[in-house]
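Data first, discussion second: the structure below is written as structure tokens.
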Amino acid sequence: MQNLIFLAQAVPDGRVFGLDSQTLIQIGIQLLNAILLAAALGYLLYNPVKEFMQKRTDRIQKQMDDAEAAKARAEELIAEYKQKLSEIDREREEIFEAARLRAAEERKAIIAEAKQEALEQKQRVSESIAAQKERLKEEARLYIIEAASLMAEKYIAQTIDDQIQDKLFAEALAQLEEAQWLH
Amino acid sequence: MLNVDNIWVVYVAGVEIWITETILNTWIIMLFLIGLAVIARIKFKSFQEIPRGFQNAIEVVVEIFDNFAVSTIGPTLSYLAPWFFAVFALILFSALSSIFGLRAPTADWATTFALALATFGLMVAMGLKYRRGAYLKTYIDPHWIFFPMNLIGELAKPVALSFRLYGNMLSGTIILTLYYALTPRFVQIGIPAFLHAFFDVLFGALQTYIFVIISLMFIRLAADDNW
């Protein structure tokens with residue numbers, strides 16, 4: 001080992017620039033130094049910190065995406081509810097419209113029925129009046145007949161004997177019966 | 001201060017290796033950065049959902065760099081971001097180390113070329129991985145006769161990349177060395193703070209950004225034919 005690596009006693013003078021085997025060796029050493037430094041910094045600092053930041057970025061991005069998705073879902077729900085509300089409004093309008101139409105039809109039917117009933121009532125009243133009128137006429141006629149009979153009876157009683165009286169009565173009765181029959 | 005001094009000379013299996021000031025300072029910076037990363041790792045266990053204080057600072061650094069790297073290199077090659085994070089940290093803290101009296105490792109061409117070589121290696125590897133034949137075809141585009149020029153153009157990329165950073169960092173080092181060497185003691189209090197702020201902090205941050213963004217663009221250009 002002592003023969004493999006050892007320090008020399010004499011050290012050559014320094015220089016600013018040189019192009020020889022020592023320059024090549026120093027280039028090699030500096031390249032190796034740079035590689036070692038890059039490996040150490042990469043392992044200890046750069047890659048772990050970058051990975052940490054990347055994970056944090058991903059986590060924040062995921063949270064933002066989740067929030068965005070939740071917002072989209074909420075907006076979807078809002079749209080759905082708005083749609084439902086508009087459908088309900090439309091249905092309500094339809095129900096109102098149908099109710100209005102039905103009410104209008106029912107009103108028409110009620111009015112028509114009332115008119116019909118009034119007409120029938122009027123008809124019935126007219127008929128009743130006509131029957132009453134007829135009855136009163138009949139009663140008046142009978143009363144007149146009765147009054148005339150009485151008058152005639154009194155007159156006859158004063159003027160004619162029983163035989164003529166019976167004859168006249170029989171004739172009058174026959175006439176009355178005939179008249180009643182014709183009615 | 002201007003020279004890259006040798007601290008030790010080590011023989012490994014008979015091969016002479018100079019352990020320079022640059023390498024030693026790089027190890028110091030690496031220890032500092034790895035120490036910070038270890039502290040962050042320990043505190044990481046208690047990281048909260050809402051960041052505060054130290055956690056916030058760590059997250060800001062990682063997030064800003066990751067966004068910058070991924071937006072430049074594209075999501076497909078985002079797994080290369082940790083490498084460039086280390087390169088970014090190494091170049092920036094190399095520049096800042098000058099404030100504490102250390103010679104910036106990036107003011108040594110060995111460091112900048114090593115980093116540029118890594119960029120070149122990644123560029124070729126990513127080109128072959130994602131475009132396969134189409135990437136190789138760029139070397140003979142528009143005609144095979146252009147192959148030498150295309151090859152030189154590709155090989156010039158790491159060289160240009162390394163010399164840009166090296167030249168800028170060395171220029172700052174030279175200017176500050178000259179300032180300390182040539183000025184009397186009484187102007188070496190206070191004023192150097194502004195020079196360090198300009199050459200180490202401002203230039204350092206700017207050159208770090210330029211090196212990393214050019215590296216990312218080279219790799220993206222090689223791997224993505226739609227870019």
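Quantities reported herein were computed from a predicted structural model and do not represent experimental measurements. Just so we're on the same page: letters track the sequence lines, and every chain starts at 1. What you see below is based on every heavy atom in this structure, not just the backbone, and it leaves out hydrogens, waters and symmetry mates.
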Minimum-distance pair of heavy atoms, taken over all atoms of A86(B) and A38(A): CB-CA, 3.3 Å
Y209(B) atom OH, over 12 foreign heavy atoms within 6.0 Å: no
Residue of the set T20(B), D108(B), T111(B) for which side-chain contact (heavy atoms from CB on, under 4.5 Å) holds with Q30(A): T111(B)
Contacting moiety of Q22(A), where chain B heavy atoms sit under 4.5 Å: side chain
Exercise: identify the closest heavy-atom pair between A89(B) and L41(A): CB-CD1, 4.3 Å
Proximal component of I7(B), with respect to chain A [non-hydrogen, under 4.5 Å]: backbone
Under 3.5 Å: donor-acceptor pair, side chain of R15(A), backbone of V4(B): no
Pair E59(B) + K50(A): basic N to acidic O under 4.0 Å: no
Partner chain A: residue of I19(B), I23(B), L90(B) with the largest heavy-atom pair count (under 4.5 Å): I23(B)
Over all atoms of both residues, closest heavy-atom pair of P12(A) and V9(B): CD-CG2, 3.2 Å
Top of I60(A), V49(A), N33(A) for chain B proximity - count of heavy-atom pairs under 4.5 angstrom: N33(A)
W18(B) side, atom CH2; T23(A) side, atom OG1 - distance, nearest 0.5 Å: 8.0 Å
Whether over 12 other heavy atoms sit under 6.0 Å from E139(A) CD: yes
Winner by heavy-atom pair count (cut-off under 4.5 Å) against chain A, out of V15(B), I34(B), I17(B), D66(B): D66(B)
Evaluation steps, side chain to side chain contact (heavy atoms under 4.5 Å, CB included), between V16(A) and W109(B): CA-CA 9 Å; V16(A) 177; W109(B) 186 68; over 6 Å; no
Contacting moiety of I25(A), where chain B heavy atoms sit under 4.5 Å: side chain
Closest approach of E49(B) to R59(A) (non-hydrogen atoms, all atoms of both residues): OE1-NH2, 2.6 Å
Backbone of Y43(A) reached by a side-chain donor or acceptor of R41(B) within 3.5 Å: yes
Check: Q26(A) and T22(B) side chains under 4.5 Å, non-hydrogen atoms: no
Ring geometry between F163(B) and F17(A) (parallel below 30°, tilted from 30 to 60°, perpendicular above 60°): tilted
Leading residue by heavy atom contact count with chain B [cutoff under 4.5 Å; candidates G42(A), G28(A), G18(A), A34(A)]: A34(A)
Under 4.5 Å from any heavy atom of chain B - which part of I35(A): both
Exceeds 12 heavy-atom contacts within 6.0 angstrom, atom CZ of R107(A): no
Any side-chain heavy-atom pair of N3(B) and D13(A) under 4.5 Å: no
Flag if over 12 foreign heavy atoms under 6.0 Å of CZ, R52(B): no
I50(B) atom CD1, neighbour heavy-atom count above 12 within 6.0 Å: no
Contact winner vs chain B - L45(A), L24(A), L31(A), I27(A), heavy-atom pairs under 4.5 Å: I27(A)
Interatomic distance, L37(A) atom CG to W27(B) atom CH2 [nearest 0.5 angstrom]: 14.0 Å
Which portion of A107(B) sits near chain A, non-hydrogen atoms under 4.5 angstrom: neither
Contact winner vs chain A - I29(B), V62(B), V38(B), heavy-atom pairs under 4.5 Å: V62(B)
Region of Y166(B) that comes under 4.5 Å of a non-hydrogen atom in chain A: side chain
Parallel, tilted or perpendicular: rings of F44(B) and F52(A) (30°, 60°): perpendicular
Over 12 foreign heavy atoms within 6.0 Å of CD, E113(A): no
Region of N47(A) in contact with chain B, defined by heavy-atom distances below 4.5 Å: side chain
Proximity breakdown for E16(B) and chain A, heavy-atom pairs closer than 4.5 Å: both
